[in-house]
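What follows is a set of notes on a single structure, which appears directly below.
Counting begins at 1 with the first residue of the sequence.
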Amino acid sequence: LKAFSKINLHSEIVLTPHPGEAAEMLKVTTKEIQKNRIKSAKALQKKYGCIIVLKGSGTIICNENDIYLCSSGGPELAVAGSGDILSGVIGSLIAQGLAPFEAAKTGVVIHALAGEEFANNVGKIGLAASELIPYIRKFLNWTLMLKIKLKNESMTLLLGSAIGNTIKNIDLKNFEV
């Protein structure tokens, strides 16, 4: 994290801090990050000039112009390695041609839905991060079966209404940031 502290990153880079990492990056407490997650995500975006995925309950995805809130996912995802899986999903979507901000939003949703499916099938306790992979694969293959290609404009089609119900654009006029 210290390596990033004095540089402005390219606007298409995606950083995925959890609240503790975000606190270190902004030189505040984790409690301050959690107190206003939207403000914290925007502060990170402004400081580093890139796409921010502030992980945690109500994951925030933001770039310079837009901010989204993911309402899916739960405590089952708060395990070691889960964020690495999320970063891998986002990176793989970028490698497949999705624009980084779309990949961040899509990756967050797929990761959250995979966590929920695990919790529904196995329970909220005991997830090993690698156990998310079959659920992530299921959601990605489901989109292929529907012959929806991962393109920038397909974000609202990807996973059908699940995304519409999971991730919402936030009108910042309603929040103090």
Listing, residues 83-93 side-chain donor-acceptor contacts under 3.5 Å, not counting sequence neighbours, or none:
unit_1: Ser87; atom_1: OG; unit_2: Thr16; atom_2: OG1; d: 3.0
unit_1: Ser87; atom_1: OG; unit_2: Gly83; atom_2: O; d: 3.1
unit_1: Ser92; atom_1: OG; unit_2: Gly88; atom_2: O; d: 3.4
unit_1: Ser92; atom_1: OG; unit_2: Val89; atom_2: O; d: 2.8

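Within the model, atoms NE2 of His18 and OG1 of Thr30 stand 8.5 Å from one another, a figure rounded to the nearest 0.5 Å. Going from atom CD1 of Ile110 over to atom OG of Ser72 covers 12.0 Å, rounded to the nearest 0.5 Å. Note: Leu140 CG to Ile133 CD1 = 11.5 Å, rounded to the nearest 0.5 Å. With values rounded to the nearest 0.5 angstrom, Ser57 atom OG is found 8.0 Å from Gln34 atom CD.
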- Before giving the answer on salt bridge (Lys or Arg N to Asp or Glu O under 4.0 Å), spell out for Lys105 and Glu102 the whole-Å C-alpha distance, their side-chain angles and the decisive distance to 0.1 Å. CA-CA 5 Å; Lys105 293 187 296 184; Glu102 295 303 315; 3.1 Å; yes

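Side-chain contact check for His111 and Thr59: no donor-acceptor pair (N or O, by modelled atom type) lies under 3.5 Å.
Looking at every heavy atom in both residues, Phe101 comes nearest to Ile51 through N-CD1, 3.4 Å. Of all non-hydrogen atoms in Ile136 and Ala114, the two that sit nearest each other are CG1-CB, 3.7 Å. Here the closest non-hydrogen pair linking Leu69 and Gly58 is CD1-O, 3.4 Å. Contact record, Ala112 with Leu77: CA-CD1, 4.0 Å, taken as the closest heavy-atom pair. Looking at every heavy atom in both residues, Arg37 comes nearest to Lys55 through NH2-O, 3.1 Å. Summarising the geometry of Pro75 relative to Lys124, their closest heavy-atom pair is CG-CD, 4.4 Å, with the distance given to 0.1 Å.
A heavy-atom distance below 4.5 Å is not found between the side chains of Leu15 and Val53. Within the 4.5 Å cutoff, the side chain of Thr106 has heavy atoms near those of the Leu98 side chain. Looking at Ile33 and Leu54, their side chains come closer than 4.5 Å, going by heavy atoms from C-beta outward. Here the side chains of Ser82 and Leu132 are in contact, with some heavy-atom distance below 4.5 Å. Under the 4.5 Å side-chain criterion, counting only non-hydrogen atoms from C-beta, Ile67 is not in contact with Ile61. Residues Lys47 and Met25 have side chains not in contact (no heavy-atom distance under 4.5 Å, counting atoms from C-beta outward). At least one side-chain heavy atom of Leu26 sits less than 4.5 Å from a side-chain heavy atom of Leu44.
Gln45 places no side-chain N or O within donor-acceptor distance of the main-chain N or O of Cys62, the cut-off being under 3.5 Å. A side-chain donor-acceptor contact under 3.5 Å links Glu131 to the backbone of Ala128. The main-chain N or O of Ala22 is never found under 3.5 Å from a side-chain atom of Glu24 such that the two would form a donor-acceptor pair. Within the 3.5 Å criterion, the main-chain N or O of Asn63 finds a donor-acceptor partner in the side chain of Lys42.
Considering only residues two or more places apart in sequence or on other chains, Tyr135 meets the ring pair (Phe, Tyr, Trp, His ring centres under 6.0 Å) condition with none of them.
Counting non-hydrogen atoms of neighbouring residues, nucleotides and ligands closer than 6.0 angstrom, the CD atom of Glu64 reaches no more than 12 such neighbours.
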